[in-house]
Amino acid sequence: MAITLAELQEYIQDHDVKFIKFSFCDVFGHQKIISVLPSVLPRALEQGIAVDASRVEGFYKPGDRELFLFPDTDTISLLPWRPSHGRVARFYCHLQTEDGEPFAQDGRKILRDAVRYVRKRGLRVNFGAENDFYLFRTGEEGEPTDTPFDSAGFLDEAPEDKGEDVRRDICLTLEEMGIEPQYSQHISGPGQNRIDFAPGPALPCADNVITFRSVVKMMAARSGLWATFSPKPLLEEAGNGFRIAMRPTKDGEPCADAFLAGILQRFLEMQVFFAPQEESYQRLGTFGAPDSLSWADTGRGSLLRRKAGGRIELSAADGAANPYLCFALLLYAGVQGVEQGLALQPASGEPLARSLRKAQARCRESQFLRELLPQEILRAYAGS
């Protein structure tokens, strides 16, 4: 249930909030921010805050019409790295047109619609995420360099692992923001790290991914470092994966096999949304990243893994992916598999696209995607 204005005003007063950040994402999942004073909040809840949609990537709108940000009041959170006096809070926002209609290209709206779609069919799907990132040193003027923060390897400890303190700061900050970290470790690449957090419903989990990326970059900057989630920041080292875990149930019973089969059936069409950059295709087929349409119960080189407890893990996404669109497409593909009663067949081994151009071509040919996504988003990802 949405928090009321009176409750928000009490929260703002109790926590000495002086600025409120209204957050939304462009179609590629890049976070955008507008800061407002608390006195503006009543008007924002009633009328929204106007933004120029034509200047946001992928928000193709004719003329000079504006979009309006309406705060999702359930998502209010303090930003722990800001001052304790005169604090800063943040909302994620819904986007509406001037006509008061939900904005079609809003990733949060697309994911909300997908969640409603699967719920009407008796399905529930929880999501989890593992995010890889690199820490690099910065230059004399604070500019990013290509020098990793350390030369440690998989599961190394301090002093070889120099990222331990940064990961600790990230985990403590996430906890303060209501996000529960589960695992923190150094992984394969020099300066490469991974943190995952507790699973949950699709929309809060996607919001948490965006928050996580922001917290990582902020805590790295506070330590004089540069953090990146880019798919392959070092050509000869492991890329940054974004592993997506799912636990689908239908009428309370696991339905992982049919759900997994539905994803396999549609993944080649959807691949560009999980690997949206040229750099993404340099990661595939290296250091355990998948390169074929495959599934397995064990081993980390498959596209999909079937795990204990009716869970599924997808390993083809990378740090450039928009979690809202990825989660929505997985829901639609998975529920299609359940509704069609698809049996899980042996892996075909069909190659994944190994270039952005090939993945875009498959996307343009997909009737499945044309029925689900606005033309503007398909144009942004595939040029269609």
Side-chain angles (χ1 to χ4, degrees), residues 1-52 56-57 59 67-96 103 106-109 111-112 129 131 133 169-181 195 197-198 200-222 227 229 322-324 327:
M1 183 178 294
I3 299 172
T4 67
L5 174 59
E7 291 170 330
L8 287 173
Q9 290 174 326
E10 181 178 359
Y11 180 95
I12 288 167
Q13 183 175 357
D14 288 348
H15 292 89
D16 190 31
V17 173
K18 300 300 183 185
F19 293 92
I20 305 173
K21 292 190 173 185
F22 282 22
S23 169
F24 67 101
C25 289
D26 67 18
V27 297
F28 293 106
H30 303 143
Q31 187 169 213
K32 305 295 180 182
I33 294 288
I34 295 177
S35 294
V36 304
L37 296 175
S39 60
V40 178
L41 190 56
R43 176 167 61 86
L45 289 171
E46 183 178 350
Q47 302 176 11
I49 298 296
V51 297
D52 180 358
V56 179
E57 191 167 14
F59 286 9
L67 289 177
F68 293 85
L69 305 180
F70 287 85
D72 182 343
T73 56
D74 289 338
T75 66
I76 189 169
S77 178
L78 295 173
L79 302 185
W81 57 86
R82 304 300 296 170
S84 58
H85 299 289
R87 303 190 73 175
V88 179
R90 184 222 57 211
F91 289 110
Y92 286 110
C93 294
H94 307 299
L95 295 175
Q96 291 187 13
F103 182 52
D106 177 9
R108 295 185 87 245
K109 183 260 185 192
L111 181 52
R112 287 197 310 273
N131 294 261
F133 59 94
D169 290 344
I170 292 167
C171 289
L172 292 175
T173 301
L174 291 173
E175 284 187 325
E176 288 188 63
M177 300 182 75
I179 301 172
E180 180 187 347
I195 296 172
F197 43 83
L203 185 58
C205 184
D207 286 342
N208 289 346
V209 171
I210 300 300
T211 298
F212 173 81
R213 292 174 181 176
S214 177
V215 169
V216 167
K217 292 176 182 179
M218 184 60 65
M219 293 301 104
R222 289 180 64 139
F229 293 88
N322 180 338
Y324 301 108
F327 290 6

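Computation of the quantities below employed the complete heavy-atom set of this structure, encompassing side-chain atoms and omitting hydrogens, waters and symmetry-equivalent molecules.
Rounding to the nearest 0.5 angstrom, the gap separating the CZ atom in F197 from the CD1 atom in I179 is 6.0 Å. Atoms CD and CG, from E180 and N208 in turn, are 11.0 Å apart once rounded to the nearest 0.5 Å. Between the CG atom of L5 and the CD atom of E46 there is a distance of 10.0 Å, given to the nearest 0.5 Å. Note that CD of E10 and OG1 of T4 are 9.0 Å apart. Values are rounded to the nearest 0.5 Å. Taken to the nearest 0.5 Å, the NZ atom of K18 stands 12.5 Å off from the CZ atom of R87. Rounded to the nearest 0.5 angstrom, F327 CZ and R108 CZ are separated by 13.0 Å.
Not one N or O on the side chain of D72 forms a donor-acceptor pair closer than 3.5 Å with the backbone of C93. A donor-acceptor contact shorter than 3.5 Å links the side chain of N322 to the backbone of V27. In this structure a side-chain-to-backbone donor-acceptor pair under 3.5 Å is missing from R213 to Q31.
Between V51 and I34 the shortest side-chain heavy-atom distance falls below 4.5 Å. Counting heavy atoms from C-beta outward, I20 and I12 have side chains that approach closer than 4.5 Å. Between P38 and Q13, the closest side-chain pair of non-hydrogen atoms is not below 4.5 Å. Between F91 and L69 there is no side-chain heavy-atom pair separated by less than 4.5 Å. Two residues are said to be in side-chain contact when any heavy atoms from C-beta on lie closer than 4.5 Å; D74 and Y92 fail this criterion. Side chains of F212 and I170 form a contact here, defined as non-hydrogen atoms less than 4.5 Å apart. In this structure, D169 and R222 have side chains that are not in contact, with every pair of non-hydrogen atoms separated by 4.5 Å or more. Within the 4.5 Å cutoff, the side chain of I49 has heavy atoms near those of the V40 side chain.
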#### Entry: Check against side-chain contact (heavy atoms from CB on, under 4.5 Å), D106 and F24
CA-CA 8 Å; D106 177 9; F24 67 101; 5.8 Å; no
### Task
In sequence, state the C-alpha distance, the side-chain angles, and the governing distance for L203 and Y324, and then conclude on side-chain contact (heavy atoms from CB on, under 4.5 Å).
CA-CA 7 Å; L203 185 58; Y324 301 108; 3.9 Å; yes
### Task
Show your reasoning for whether side-chain contact (heavy atoms from CB on, under 4.5 Å) applies to L172 and E175.
CA-CA 5 Å; L172 292 175; E175 284 187 325; 3.8 Å; yes
### Task
Apply side-chain contact (heavy atoms from CB on, under 4.5 Å) to the pair L45 and L8, showing each step before the final yes or no.
CA-CA 11 Å; L45 289 171; L8 287 173; 4.1 Å; yes
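Listed here is the closest heavy atom pair of A44 and F70: O-CD2, 3.6 Å. Shortest non-hydrogen contact noted between G200 and C205 is O-CB, 4.3 Å. For the residue pair D16 and G86, the shortest heavy atom distance occurs at OD2-N, 2.7 Å. Shown here for A202 and L111, the closest heavy-atom pair between the two residues is O-CD2, 3.8 Å. Residues P181 and C171 approach most closely at CG-O, 3.6 Å, considering heavy atoms. F19 approaches L37 most closely through the heavy-atom pair CE2-CD2, 3.5 Å.
Counting heavy-atom neighbours within 6.0 Å of K109 NZ, excluding the residue itself, gives a total above 12. More than 12 non-hydrogen atoms from other residues, nucleotides or ligands lie less than 6.0 angstrom from CD of Q47.
Test R90, E176, H15 against L78 for side chain to side chain contact (heavy atoms under 4.5 Å, CB included) and you get one pass: H15.
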